[in-house]
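What follows is a short report on a single structure.
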2 protein chains.
Amino acid sequence: MTPAENAELALLLEVAGTPKPGNVDRERDFPNLRFEHFLAGAVGAGTGLRSAENGAPVGEAFEEAVAGMSQQSGGNTQFGALCLLVPLVTAGEPTPDAVAEVVESTTVEDSEGFYRAFEHVDVYVDDPPDGADEFDVRRGTDAISAIREGELTLFDVMELGADEDDIAREWTNGFERTFWAGERIAELEGPLSGRGAQVYLELLAREPDTFVAKQHGKEVAESVRVRAQEALRDGPELIHAFAESLVEDGVNPGTTADIIAGGLFVALERGVSP
Amino acid sequence: MTPAENAELALLLEVAGTPKPGNVDRERDFPNLRFEHFLAGAVGAGTGLRSAENGAPVGEAFEEAVAGMSQQSGGNTQFGALCLLVPLVTAGEPTPDAVAEVVESTTVEDSEGFYRAFEHVDVYVDDPPDGADEFDVRRGTDAISAIREGELTLFDVMELGADEDDIAREWTNGFERTFWAGERIAELEGPLSGRGAQVYLELLAREPDTFVAKQHGKEVAESVRVRAQEALRDGPELIHAFAESLVEDGVNPGTTADIIAGGLFVALERGVSP
């Protein structure tokens with residue numbers, strides 16, 4: 001498999017892993033966001049992922065992948081996962097150093113591609129950090145002017161968000177959680193999608209999910225973390241109850257799922273395969 | 001979505017449809033053939049499907065798709081489905097006339113590509129029809145020499161098998177069941193993978209599955225057909241019991257599943273989408 005194929009397969013294995021409390025998985029659909037939206041999102045992202053593999057700039061390949069992903073009616077399925085996968089595919093080899101070099105070399109044009117990607121799909125976005133209102137993605141083309149004036153590379157943009165958003169933080173810390181997940185997935189045994197689901201829970205138990213924190217506040221995110229710990233300790237029955245309660249409360253640890261997609265890619269690139 | 005993307009998505013929606021008695025689906029793995037093998041098979045087939053879209057000869061694109069599909073440890077996941085999808089993608093428009101023109105224009109070189117595809121994966125093959133022993137795919141390169149000497153196009157090869165194999169018969173009768181399935185899928189409502197599962201059962205109730213006939217004899221295939229009829233009539237509980245009994249008896253109506261993949265492609269190309 002080529003890196004672009006492994007990235008697409010990682011998106012599919014991620015959504016197939018079950019149980020992944022709070023997220024769509026092989027056994028759970030939400031009323032307006034279903035398993036098959038993720039299948040279509042993964043296939044549609046393929047063109048952008050192949051562009052990344054063929055050396056297109058990160059921002060351009062990302063926008064293309066998001067535009068392709070958006071050709072289904074479920075809305076945002078894999079925006080965050082593609083934020084990780086595009087530079088990982090570009091890097092050519094699955095190491096923290098290689099991907100750090102890619103993200104640190106991004107340009108102002110890459111930022112523009114990133115901002116344009118928001119025009120293809122509704123992404124849940126929180127208020128920008130203090131003093132960064134002019135770079136708010138919700139300002140559309142006005143924000144792009146500000147980015148140009150401020151000469152912000154895509155790495156700079158991610159640095160602005162790194163305190164509040166775990167995908168942005170991956171960009172600034174050498175994809176630490178992504179590679180941790182990749183190593184855990186590689187060392188576990190059994191079907192790959194099941195390993196993804198296990199490591200999803202382990203990640204969730206380690207740190208609060210920033211997507212949950214944005215939508216429901218830090219206390220809820222911390223309580224999800226503690227309950228993930230308990231579920232891991234007590235096994236299947238509690239995991240099931242935990243999943244049910246997250247769905248009931250509309251709590252979706254989407255960032256953690258995105259990092260699992262990145263981790264599955266790392267494991268696939270290092271030679272693990274279905 | 002491009003035709004090649006719709007073909008890949010059709011493979012994914014097919015395996016995601018549940019319950020599909022006797023086959024791997026969103027809710028069922030077999031011990032050595034799992035859902036994720038089908039995910040990897042679909043992604044791997046992408047290169048060959050894109051070659052078909054870009055005008056590569058049918059035999060060459062088919063061999064490439066099968067080689068890509070085989071990059072997983074489950075074995076043959078979608079060989080039969082690709083026999084239908086490659087000419088459908090090549091046809092450019094989803095009509096019986098267009099695909100008939102493609103298959104009737106195949107050459108001896110296309111036959112060679114088809115025979116070479118068997119080298120990439122173990123495909124269950126029955127004895128060839130009387131008088132056609134020299135073209136038995138199990139003879140490997142010897143059969144290719146015979147094909148060349150006899151100047152058999154891939155359409156000729158399919159004609160030899162059309163009495164015993166429903167995929168071959170699709171080639172010789174304008175993809176009749178594939179288009180029937182496509183129309184049924186387009187006219188039903190709800191998630192596409194669920195429509196695929198419904199039409200799978202309807203097809204199974206109409207005609208005996210030829211893959212079941214090859215492996216277990218015509219009587220078993222006919223009894224599966226009758227039980228599919230009963231299951232359709234009596235609803236979910238009987239469908240579930242039917243599914244369990246097929247798994248217990250090792251009966252796998254794989255040809256019918258392949259035709260559903262073709263039907264999903266037709267529906268997607270005609271504008272239905274997740």
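To find a chain, count down the sequence lines: A is the first, B the second, and so on, and within it residues start at 1.
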Completion exercise
For residues 23-33 of chain A against chain B, heavy atoms under 4.5 Å, the residues are A:D25, A:R26, A:E27, A:R28, A:D29
Exercise for the section: For the pair A:E8 (side chain) and B:V43 (backbone), establish whether a donor and an acceptor sit closer than 3.5 Å, ignoring hydrogens and angles. Expected result: no
Exercise for the section: Indicate the atoms forming the closest heavy-atom contact of B:A16 with A:L39, along with that distance. Expected result: CB-CD1, 3.9 Å
Completion exercise
Of all heavy-atom pairs linking B:E36 and A:P274, the shortest is OE2-CB, 3.9 Å
Completion exercise
NE2 (A:H37) and OG (B:S273) are apart, to the nearest 0.5 Å, by 8.0 Å
Fill in the blank from the handout: Among residues 253-271 of chain A, those lying within the under-4.5 Å heavy-atom range of chain B are none
Practice task
Could you grab the distance from atom CG of A:L192 to atom CZ of B:R34, nearest 0.5 Å is fine?
Solution key: 8.0 Å
Fill in the blank from the handout: Heavy atoms of A:E5 and B:Q71 approach each other most closely as OE1-NE2, 4.4 Å
